[in-house]
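Take a look at the structure set out below.
For this chain, numbers begin at 1 and follow the sequence in order.
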Amino acid sequence: MILWTLNPELSEEEKKAVKASIKQGLEGLVGQIPGLLECKVQIEGRLASSTADLMLDSTFDNEASLQGYKNHPAHLAVANGKVRPYTVQRACLDFEA
């Protein structure tokens, strides 16, 4: 799971567009990256008590698949083009169920 905070200098309209772009980009990686089983980006329904703007919840075959995902060119293209330019904070929790 990953939580991101968007750059506060973005307007509400820009934030909405950025969140939609991140969702489309990351969820579109399913089927492109070996071992990535599921990828959901939560951009709607955020309560006022939240301290992050959006959340990624992804499932992998195993830890090796997660490591492969991190360096896969398709993931890096989304991360570098749609996520990193617009976020100022990231929190990550990787766990084994």
Side-chain angles (χ1 to χ4, degrees):
M1 297 186 113
I2 298 177
L3 300 172
W4 287 287
T5 302
L6 296 175
N7 186 329
E9 294 179 5
L10 296 171
S11 70
E12 288 306 312
E13 194 170 297
E14 288 170 320
K15 286 180 181 182
K16 184 176 180 179
V18 165
K19 288 191 279 186
S21 178
I22 290 171
K23 179 178 180 69
Q24 180 269 332
L26 290 174
E27 290 181 355
L29 295 175
V30 175
Q32 293 188 52
I33 299 179
L36 175 60
L37 303 176
E38 192 173 45
C39 185
K40 294 179 184 176
V41 178
Q42 181 64 39
I43 63 172
E44 300 293 334
R46 182 179 177 273
L47 300 177
S49 58
S50 298
T51 59
D53 294 303
L54 65 157
M55 178 187 78
L56 166 65
D57 185 2
S58 52
T59 304
F60 297 87
D61 276 337
N62 51 44
E63 188 176 353
S65 295
L66 169 62
Q67 297 309 318
Y69 165 84
K70 289 179 180 179
N71 296 310
H72 192 282
H75 169 252
L76 291 174
V78 174
N80 291 330
K82 296 183 181 232
V83 180
R84 292 181 180 133
Y86 306 102
T87 58
V88 294
Q89 188 170 5
R90 175 185 178 272
C92 176
L93 172 64
D94 294 331
F95 62 93
E96 208 167 13

Self-check item: Shared hydrophobic cluster for Tyr69 and Val30 (ILVMFWY, side-chain gaps under 4.5 Å)
Solution: yes
Quiz prompt | Common cluster, Ile33/Leu76, ILVMFWY with side-chain heavy-atom separation under 4.5 Å | solution = no
Quiz item: What is the minimum heavy-atom distance between Ala79 and Pro85, and which atoms define it?
Solution: O-CD, 4.0 Å
Exercise. Please name the residue in the list Ile22, Leu26, Leu3 that meets the side-chain contact (heavy atoms from CB on, under 4.5 Å) test with Leu56.
Key: Leu26
Practice problem: For residues Met1 and Met55, report the shortest heavy-atom separation together with the two atoms involved. | Solution: CE-SD, 3.7 Å
Quiz item: What do the steps show when you test Glu12 against Lys16 for side chain to side chain contact (heavy atoms under 4.5 Å, CB included), and what is the final call?
Solution: CA-CA 6 Å; Glu12 288 306 312; Lys16 184 176 180 179; over 6 Å; no
Exercise. Measure across Gly25 and Val78 and return the closest heavy-atom pair with its distance rounded to 0.1 Å.
Key: O-CG2, 3.7 Å
Self-check item: Closest approach of Cys39 to Glu27 (non-hydrogen atoms, all atoms of both residues)
Solution: O-CG, 3.3 Å
Practice problem: Please report the closest heavy-atom contact between Gln32 and Pro34, naming both atoms and the distance. | Solution: O-CD, 3.9 Å
Practice problem: Search all heavy atoms of Pro8 against all heavy atoms of Lys15 and return the closest pair with its distance. | Solution: CA-NZ, 4.2 Å
Quiz item: Among Leu36, Ile2, Leu29, which one satisfies side-chain contact (heavy atoms from CB on, under 4.5 Å) with Ser58?
Solution: Leu36
Quiz prompt | Within 6.0 angstrom of Lys70 NZ, more than 12 heavy atoms from elsewhere | solution = yes
Quiz item: Is the number of heavy atoms from other residues, nucleotides or ligands under 6.0 Å of Tyr86 OH greater than 12?
Solution: no
Could you tabulate the donor-acceptor pairs under 3.5 Å formed by side-chain atoms of residues 90-97, not counting sequence neighbours?
none

Practice problem: Give the C-alpha distance, both sets of side-chain angles, the deciding distance and a yes or no for side chain to side chain contact (heavy atoms under 4.5 Å, CB included) between Leu54 and Leu6. | Solution: CA-CA 8 Å; Leu54 65 157; Leu6 296 175; 3.9 Å; yes
Quiz prompt | Exceeds 12 heavy-atom contacts within 6.0 angstrom, atom CD of Gln67 | solution = yes
Exercise. Keeping the roles fixed (side chain from Lys40, backbone from Asp57), state whether a donor-acceptor pair exists under 3.5 Å.
Key: no
